[in-house]
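Heavy atoms only: backbone and side chains are in, while hydrogens, waters and symmetry mates are out. Start at 1 and go down the list; that is how both ligands and their atoms are numbered. Note that the coordinates shown come from a computational prediction; the quantities given were computed from them, not determined experimentally.
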Amino acid sequence: MRSSPTSQALRRGLLALAATAALLPSAFAQSPIIIKFSHVVAIDTPKGKAAEFFAKRAAELTKGKVKVEVYPNSQLYKDKEEMEALQLGSVQMLAPSLSKFAPLGVKEFEAFDLPFIFDDYNDLHAVTQGPVGAKLLKKLESRGITGLAYWDNGFKVMSANKPLKAVEDYKGVKMRIQSSKVLDAQMRAVGALPQVLAFSETYQALQTGVVDGTENPPSNLYTQKMHEVQKHLTVTNHGYLGYAVVVNKKFWDGLPADIRAALTKAMAESTKVANDTAFQDNQDALAKVKASGKTAIYQPTLGERFLLKKAMFPVHKQMASRIGEETIQDIYKATNFDPNKM
Ligand code: LMR
């Protein structure tokens, strides 16, 4: 018996459906895995450049199986929201500054905020590229986060609309800080009035006088145009600001092993990009601030810097129980620092 044109059409339709269904798994495997990478700084910064580089190398090394979408400049999320978004899986990758992990309950990261804890990048790398740094990243796992790398930025300068030379100059000055209790204590130690604000809100807060000043590495200050609303800058290098690159743990663990290996390689190369450019980027930014003629740059004398250190150093002891004495001692040991010689 010949089938009717209607049943033939039905059969053809069912076959087409079955063929599509059979194709589905491979079609899915071919569609790129999307990694949304959100951050809060400009593209032309160590973090911004390393994130772009990671996106490029991730695509190359996975032969297009992974597409990293980078959202810079708080385009997608601000500081606090981005941490929540990572835990919820709305974004897969971030590189928040080390000061922003304590609100997750990992207070040990605030050790990086201790004033004068690192003399230079060598001290810093002894921690971030050694066992102490690895141990700290492990602590994120219980929060559903996997730490992949540390990316450098740099040493912070202080800025305000008045010169900040002597310790007394900080008295009563409203200073924007990141969400870190150590930075709060550091500012209070010199009589300043710290105020936590999202990075994306800082320029406007400076412009409108909600705060008088702030601290940041020059590259962040310059690329956010903060120098246009700050008359004075002091090269105090009193503390460090850098990043941990983190991924949603469930997402990372669920990736095929070959993809994870390729991304690990892309990350290692991107870390080199961040760390190789950070020092120079900050030098260049300082030169550009100077060239703008909008902000007077002051290099403190050794004596002035020593007095600032003396005023801020008690924060190490004051914050020890919050951060954890063990972490602080681990850092002292890694950097060959003897606090008794202060
Ligand atoms: C800040 O909030 O000042 C910095 O953490 C911004 C950044 O990501 O460098």
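Ion pair Asp281/Lys49 flagged as a salt bridge, since at least one NZ, NE, NH1 or NH2 atom sits closer than 4.0 Å to an Asp/Glu carboxylate oxygen.
Atom 7 (C) of ligand 1 has Val41 CG1, 3.3 Å as its closest protein atom, hydrogens excluded (heavy atom only). Protein heavy atom closest to atom 5 (O) of ligand 1, with residue, atom name and distance, is Gln178 OE1, 2.6 Å. Counting only heavy atoms of the protein, atom 3 (O) of ligand 1 lies nearest to Arg176 NH1, 2.7 Å. Looking only at protein heavy atoms, the nearest one to atom 9 (O) of ligand 1 is Tyr243 OH, 2.5 Å. Nearest to atom 8 (O) of ligand 1 among the protein's heavy atoms is Lys47 NZ, 2.7 Å.
Listed by number with element, the atoms of ligand 1 under 4.0 Å from a non-hydrogen atom of Lys100 are 1 (C), 2 (O), 4 (C), 5 (O), 6 (C). Below 4.0 Å from some heavy atom of Ser97 lie the following atoms of ligand 1, by number and element: 5 (O). Below 4.0 Å from some heavy atom of Asn216 lie the following atoms of ligand 1, by number and element: 3 (O).
A side chain to side chain contact (heavy atoms under 4.5 Å, CB included) with Gln280 is found for one member of Asp284, Asp276, Asn282 and no other, namely Asp284. A side chain to side chain contact (heavy atoms under 4.5 Å, CB included) with Tyr77 is found for exactly one of Lys36, His39, Glu82, namely Glu82.
Residues Phe37 and Gln92 form no side-chain contact, since every pair of their non-hydrogen atoms from C-beta on lies 4.5 Å or further apart.
Residue contacts with ligand 1 for Thr202 are absent, since no atom lies close enough (heavy atoms, distance under 4.0 Å).
The shortest N or O to N or O distance between Asp79 and ligand 1 is not below 3.5 Å. For ligand 1, the polar-atom distance check finds no N/O of Asn153 at less than 3.5 Å from any of the ligand's N/O atoms.
Enclosure of atom CD in Gln204 is not indicated, since only 12 or fewer non-hydrogen atoms of other residues, nucleotides or ligands lie within 6.0 angstrom.
Note that Lys165 lies in the cation-pi zone of Tyr298, set by a 6.0 Å cut-off to the ring centre and a 45° limit from the axis.
At least one heavy atom of Leu241 sits less than 4.0 Å from an atom of ligand 1.
Between Pro115 and Val182 the shortest heavy-atom distance is CD-CG1, 4.4 Å.
Phe155 has its ring centre less than 6.0 Å from the ring centre of Tyr121.
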